[in-house]
Amino acid sequence: MTENVAEKERTSANENSRGLQGSHIWYELMTNDPEGAKGFYEAIVPGLQFGDRLPGDQDYRIINRSDGGSLGGMLALTDEMRSHGAKPIWLGYVGSDDVDATVSRIEAKGGKALMPAFDIPQGRIAMVTDPQGNPFYIMKPIPPAGQEDRQSDVFSPDQPQRVSWNELSTADPVAARTFYGELFGWTSDDFMPMGEYGEYRFFDHGSLRIGAVSGMMPDGHPGWRYYIRVASISKAVEAVKAGGGTITLEPMEVPGGDMIVIGNDPQGAEFALVGGK
């Protein structure tokens, strides 16, 4: 997220019915090829439209939905960012009632602040990692004047062109459950057994199921994965291959009847999709 994002598009969240602390309020694609990423994702997620570069020093663009809302934003990686190890990636923003206090709690629990808390016109943010090194942002947004009760809708379990599932793969899922549970109030009592691979523990925020945490799969890698909802997984897979992306997990059905697929975009960022056949 960047200070140059227009307020009416950029700040889509204040405290919602679940409370701000622990709510997913924004998603961001970091990429080294904004134009290439634009064409790729607009093809695999019909309805998404990547906006023009916003004014300012950074190349930041809003990812718009066909209903007039937003999925998130796209930030172009600069040479300086890449020199410090930045790579193409999708990152999530989790709401915080007090960013500085949350950063302090993260550090006390063994996490790190990659970018200490700082202000932008749309609020206060920080880039952090959990104790296992998985990065994400935290933010306390400033709602637009007159829209103090505005809620973020970038996450929805069933609506298209939004993230419908937040999934963490980690070397220590037990520690992750404790970390995120204490920090954001996410509960993880329900689970699905996966045999030799342990448990797939569901994350709930209040009454809403927002995702899950599990151990590492064979040949997998740690990190957060955000599943964007599409109408047809089979059509999305065709678009991925036509657009130069790669599939790393072939389409598979999950409990509830949805299909999922995981892959890498042409710039190397992992993506995940969920939807009908």
Side-chain angles (χ1 to χ4, degrees), residues 24-31 33-34 36-50 61-67 69-75 87-93 134 136 152-169 192 194 200 202-203 208-214 216-277:
H24 286 86
I25 60 173
W26 196 252
Y27 296 97
E28 184 172 277
L29 172 64
M30 294 183 175
T31 182
D33 182 2
K38 165 183 165 67
F40 179 77
Y41 286 102
E42 287 182 348
I44 69 171
V45 187
L48 287 187
Q49 291 187 334
F50 284 59
R61 313 178 190 202
I62 302 298
I63 306 174
N64 301 294
R65 304 192 311 257
S66 59
D67 65 357
S70 304
L71 169 66
M74 177 174 64
L75 174 66
K87 298 179 180 179
I89 189 174
W90 280 93
L91 292 175
Y93 281 68
N134 303 303
F136 60 97
S152 173
D153 64 355
V154 298
F155 173 82
S156 171
D158 56 11
Q159 293 301 302
Q161 302 168 40
R162 297 165 175 84
V163 169
S164 286
W165 198 249
N166 306 282
E167 182 179 78
L168 175 63
S169 296
M192 180 175 65
M194 299 192 300
Y200 191 77
F202 299 107
F203 275 137
L208 184 64
R209 182 146 292 177
I210 59 172
V213 58
S214 70
M216 302 294 298
M217 296 294 103
D219 301 322
H221 61 84
W224 280 102
R225 185 177 295 120
Y226 306 103
Y227 289 79
I228 302 172
R229 183 165 291 278
V230 298
S232 169
I233 290 293
S234 60
K235 290 182 179 179
V237 168
E238 292 177 3
V240 167
K241 295 177 179 178
T246 57
I247 300 299
T248 56
L249 176 69
E250 294 293 335
M252 63 176 290
E253 186 172 349
V254 294
D258 275 332
M259 301 291 291
I260 64 169
V261 68
I262 300 172
N264 293 313
D265 68 24
Q267 292 72 47
E270 183 182 72
F271 66 87
L273 305 172
V274 59
K277 294 182 180 180

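Residues: numbered from 1 along the sequence shown.
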Could you tell me which non-hydrogen atom of V154 sits nearest to which non-hydrogen atom of H24, and how far apart they are? CG2-O, 3.9 Å

Rounding to 0.5 Å, atoms OG1 (T248) and CG (D219) come to a distance of 10.5 Å

From CG (L75) to CG (L91), nearest 0.5 Å: 9.5 Å

Here the pair of heavy atoms bringing M194 nearest to M217 is CE-CE, 3.7 Å

Any non-hydrogen side-chain atom of F155 less than 4.5 Å from a side-chain atom of I210? yes

Minimal non-hydrogen separation, F202 against M192, with atom names: CE1-N, 4.0 Å

So CD1 of I25 and CG of D153: to nearest 0.5 Å the spacing works out to 12.0 Å

Can you list the residues that meet the salt bridge (charged side-chain N to carboxylate O under 4.0 Å, His left out) rule with D67, with sequence neighbours excluded? R65, R162

Which distance, rounded to the nearest 0.5 Å, do you find between the CD1 of I62 and the CD of Q49? 13.5 Å

Quickly, which of W90, W26, Y27 forms a ring-ring contact (aromatic ring centres under 6.0 Å, His included) with Y226? Name it, please. Y27

Member of S70, S156, S66 meeting the side-chain hydrogen bond (donor to acceptor under 3.5 Å, both in side chains) criterion with Q161: S66

Kindly indicate, with the supporting measurements, whether the criterion side-chain contact (heavy atoms from CB on, under 4.5 Å) is fulfilled by V45 and L273. CA-CA 9 Å; V45 187; L273 305 172; 4.2 Å; yes

Can you give each donor-acceptor pair under 3.5 Å made by side-chain atoms of residues 254-266, sequence neighbours left out, with the distance rounded to 0.1 Å?
residue	atom	partner	partner atom	Å
D258	OD1	R229	NH1	3.3
D258	OD2	R229	NH1	3.4
D258	OD2	R229	NH2	2.9
D265	OD1	Q267	N	2.9
D265	OD1	G268	N	2.8
D265	OD1	A269	N	2.9
D265	OD2	Y41	OH	2.7

Could you check whether atom CD of E270 has more than 12 heavy atoms from other residues, nucleotides or ligands sitting under 6.0 Å from it? yes

Indicate yes or no for a side-chain donor-acceptor contact from E42 to the backbone of F50 under 3.5 Å, with no hydrogens or angles considered. yes

About how many Å separate CZ of R225 and CG of L168, when rounded to the nearest 0.5 Å? 9.0 Å

Between CG of L29 and NZ of K38, what distance do you get to the nearest 0.5 Å? 13.0 Å

Which label fits W165 and Y200: parallel for a plane angle under 30°, tilted from 30 to 60°, or perpendicular past 60°? parallel

From the list V274, L208, V163, side chain to side chain contact (heavy atoms under 4.5 Å, CB included) with P157 holds only for L208

